[in-house]
Asks: 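The structure follows.
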There are 2 protein chains.
Amino acid sequence: MKAFSAYKNPALAVDLVVFGYHEKTLSVLLLNRNEEPFKDRWTLPGAFLQMEESFQQLCSRILQTKLGMDNVYLEQLYTFDAPDRDPRGRVIAVAHYALINPKKFAVAAGKMANDVQWFPVKKIPALGFDHKEIFTKALQRLQSKIQYFPVGFQLLDEMFTMSELHELYECILGVEIDRRNFSRKILDAEYVINTGIKREGSQNRRPELFKFNKKLKQNNFQLNIS
Amino acid sequence: MKAFSAYKNPALAVDLVVFGYHEKTLSVLLLNRNEEPFKDRWTLPGAFLQMEESFQQLCSRILQTKLGMDNVYLEQLYTFDAPDRDPRGRVIAVAHYALINPKKFAVAAGKMANDVQWFPVKKIPALGFDHKEIFTKALQRLQSKIQYFPVGFQLLDEMFTMSELHELYECILGVEIDRRNFSRKILDAEYVINTGIKREGSQNRRPELFKFNKKLKQNNFQLNIS
DNA sequence: GCAAAAGTGTTCACACTACACCCATGT
DNA sequence: ACATGGGTGTAGTGTGAACACTTTTGC
């Protein structure tokens, strides 16, 4: 039995598309590279896989060390294999995307110097490597998945109003959705549970607060956007 | 700038789930391993990635050398990373699935000794490694994708009857679909073009032959199964 | 004429859209 | 009283599921 590691293998990395939702804007976390190649260019956070590490562990490592985050929604996206995608040599990137609530990691904002920044998805700068392609694929995945699967709650607080959820969907999908029909669909699908609590401090009528229904039996939800 | 290949990296392989449709049955190609580990067990065909090779190229290499096939529909499925998935050491597998028409590769049947065989998806034997998991994921992907995307034509001949297409969908999805409603949906979505030719040799009325509409503008198709 | 598969049409119910109206709260 | 956002209801339309009938062919 041969030892594979004796052979030359391509390097294996994970790149992360970290989505955050804040002030009615969907954003992505980017790092400003401080070394070649692509020095001073914005890129997705990433790291190389260690020999005994799972993707999950590596993702956590990236999120913790570079971004001070933990315990977030993660999903494998796609594996990018273009032989010339990294000028340093052959690097295969297993892209993942994460959904986080930026508010929860405000503590880590100290680390957030000029070299780590949120960028609205509508205003992504030029990216190094093939990261633009990765980002685009991640956004598409999120947009299609949110139409039939309860993803997106990870971007909000524990409790949220129907309006906030509605705005999130409109923001991610980039379309207008009828407020009342949306509400009915969410309720019919039993995506959320009414906590009975109402949010105080509003200028108008106090909206009801909902939380995500974690014990969702079967998924009836289907949004049908263009 | 460091040379990555100097470091120890996990080995990188591609495993293939090759689907074929024949005599109203969806099948998968399996290889009988003739070496350890999992000697004499059935496994998915696969191979290790070479340093300058793309996934696409590697898939072609596997299909050609092991199976005598070429020019097939291919799609990346998922990347499997469990550290213990291969007893020989750390191997990451980038799974792909392929759709082929077995009839077209009947020539290669000479190669098809006891060690390469089609297995109906309903009768998959115990598989080595984590290949059962890979197979399951591939089938699920195919089942969901066929409901909204014109995949599946690759499994049929160039020209086919509506009944054949209908049977294919029922077979892949494992449900009954109303013949007439199905036909209307396929036609409305402009998935197919009526060639005007009718198939001879039938015992009954001669069915019209269709071919896949390759110039499909936008995809209206949506099947909505269970 | 009969059986069996292929082609076409029709009804009906429900789901989704597009609305309107009332309620609660601050100014 | 009014403006603003929140909560609920309803009428109409269109799509899709369920179903029936006619046509073509071999025996």
Side-chain angles (χ1 to χ4, degrees), chain A residues 23-24 146-148 156-157 159-171 173-211 213 218-226, chain B residues 23-24 144 146-149 156-157 159-171 173-211 213 218-226:
Chain A
E23 295 186 348
K24 305 184 184 181
I146 203 174
Q147 292 185 50
Y148 65 89
L156 298 173
D157 292 346
M159 293 200 283
F160 48 85
T161 67
M162 190 57 81
S163 293
E164 286 167 350
L165 189 61
H166 178 235
E167 272 162 4
L168 173 67
Y169 273 69
E170 284 193 334
C171 176
L173 292 170
V175 293
E176 288 211 337
I177 306 169
D178 184 275
R179 178 175 70 90
R180 297 148 291 189
N181 294 334
F182 176 80
S183 172
R184 184 151 359 110
K185 273 195 174 176
I186 293 287
L187 259 19
D188 286 353
E190 297 184 322
Y191 261 29
V192 295
I193 296 166
N194 193 331
T195 62
I197 308 169
K198 290 180 197 294
R199 168 164 298 162
E200 302 294 325
S202 159
Q203 294 232 287
N204 311 311
R205 179 172 179 171
R206 273 81 212 253
E208 292 169 332
L209 285 169
F210 297 89
K211 61 180 180 181
N213 179 8
Q218 55 174 3
N219 189 356
N220 294 318
F221 191 70
Q222 183 68 46
L223 207 55
N224 298 326
I225 296 299
S226 56
Chain B
E23 294 185 348
K24 306 184 183 181
S144 57
I146 203 173
Q147 292 185 51
Y148 64 89
F149 199 79
L156 297 174
D157 293 346
M159 294 200 283
F160 47 85
T161 67
M162 189 59 81
S163 291
E164 286 167 350
L165 189 62
H166 177 236
E167 272 162 3
L168 173 67
Y169 273 69
E170 283 192 337
C171 176
L173 292 170
V175 293
E176 287 210 340
I177 306 169
D178 185 272
R179 179 175 69 89
R180 296 148 292 189
N181 294 335
F182 175 80
S183 172
R184 184 153 359 114
K185 273 194 174 176
I186 293 287
L187 258 18
D188 287 352
E190 297 185 322
Y191 261 30
V192 296
I193 296 167
N194 194 330
T195 61
I197 309 170
K198 290 179 196 296
R199 168 163 298 162
E200 302 294 326
S202 159
Q203 294 235 286
N204 312 310
R205 180 172 179 170
R206 273 82 210 255
E208 292 169 334
L209 285 168
F210 297 89
K211 59 181 181 180
N213 179 8
Q218 56 174 5
N219 190 355
N220 294 318
F221 191 70
Q222 183 66 46
L223 207 55
N224 299 325
I225 296 299
S226 60

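To find a chain, count down the sequence lines: A is the first, B the second, and so on, and within it residues start at 1.
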Asks: Taking OP1 and OP2 of C:dG26, is either one under 4.0 Å from a side-chain nitrogen or oxygen of A:R206?
Replies: yes

Asks: Rounded to whole Å, please give me the gap between CD in B:Q147 and P in D:dG16.
Replies: 14 Å

Asks: Could you check how far CZ of B:R179 sits from C1' of C:dA4, rounded to whole Å?
Replies: 11 Å

Asks: Answer with yes or no whether A:R199 presents, from its side chain, a donor or acceptor under 3.5 Å of a partner atom in the base of D:dG6.
Replies: no

Asks: Has A:E164 got a side-chain atom pairing as donor or acceptor with A:T161's backbone, closer than 3.5 angstrom?
Replies: yes

Asks: Can you tell me how far P of C:dA15 sits from CZ of A:F221, to the nearest Å?
Replies: 16 Å

Asks: Is the shortest side-chain heavy-atom distance between B:I186 and B:D188 below 4.5 Å?
Replies: no

Asks: Is a donor-acceptor contact shorter than 3.5 angstrom present between the side chain of A:R184 and the base of D:dT10?
Replies: yes

Asks: Look at A:Q203 and D:dG5 and indicate whether a side-chain polar atom (N or O) is within less than 4.0 Å of OP1 or OP2.
Replies: no

Asks: Can A:E208 and A:N194 be counted as having a side-chain donor-acceptor contact under 3.5 angstrom?
Replies: yes

Asks: Just the rounded figure in Å: distance from C1' of D:dG7 to CG of A:N194.
Replies: 11 Å

Asks: Return whichever of B:D178 or B:S163 has its heavy-atom-nearest nucleotide of DNA chain C closer to the 5' end.
Replies: B:S163

Asks: Which part of the nucleic acid, if any, lies within contact of A:S183, taking any heavy atom under 4.0 Å across all strands shown: a base, the sugar-phosphate backbone alone, or nothing?
Replies: nothing

Asks: What is the distance, rounded to the nearest whole Å, between atom CG of B:N181 and atom P of C:dG7?
Replies: 16 Å

Asks: Quick one: the side chain of B:R180 and the base of D:dA20, do they pair up donor-acceptor inside 3.5 Å?
Replies: yes

Asks: What integer distance in Å separates B:E176:CD from D:dC19:C1'?
Replies: 15 Å

Asks: For the pair made of CG in A:D188 and P in D:dG9, what is the distance, rounded to whole Å?
Replies: 12 Å

Asks: Nearest nucleotide by nearest heavy atom, which residue falls closer to the 5' end of DNA chain C, B:N204 or A:R205?
Replies: B:N204

Asks: Parallel, tilted or perpendicular: which fits the ring planes of B:Y191 and B:F221, with parallel below 30° and perpendicular above 60°?
Replies: tilted

Asks: Should the pair B:F182 and B:H166 be assigned to parallel (<30°), tilted (30 to 60°) or perpendicular (>60°) ring geometry?
Replies: tilted

Asks: What integer distance in Å separates B:Q222:CD from D:dT15:P?
Replies: 15 Å

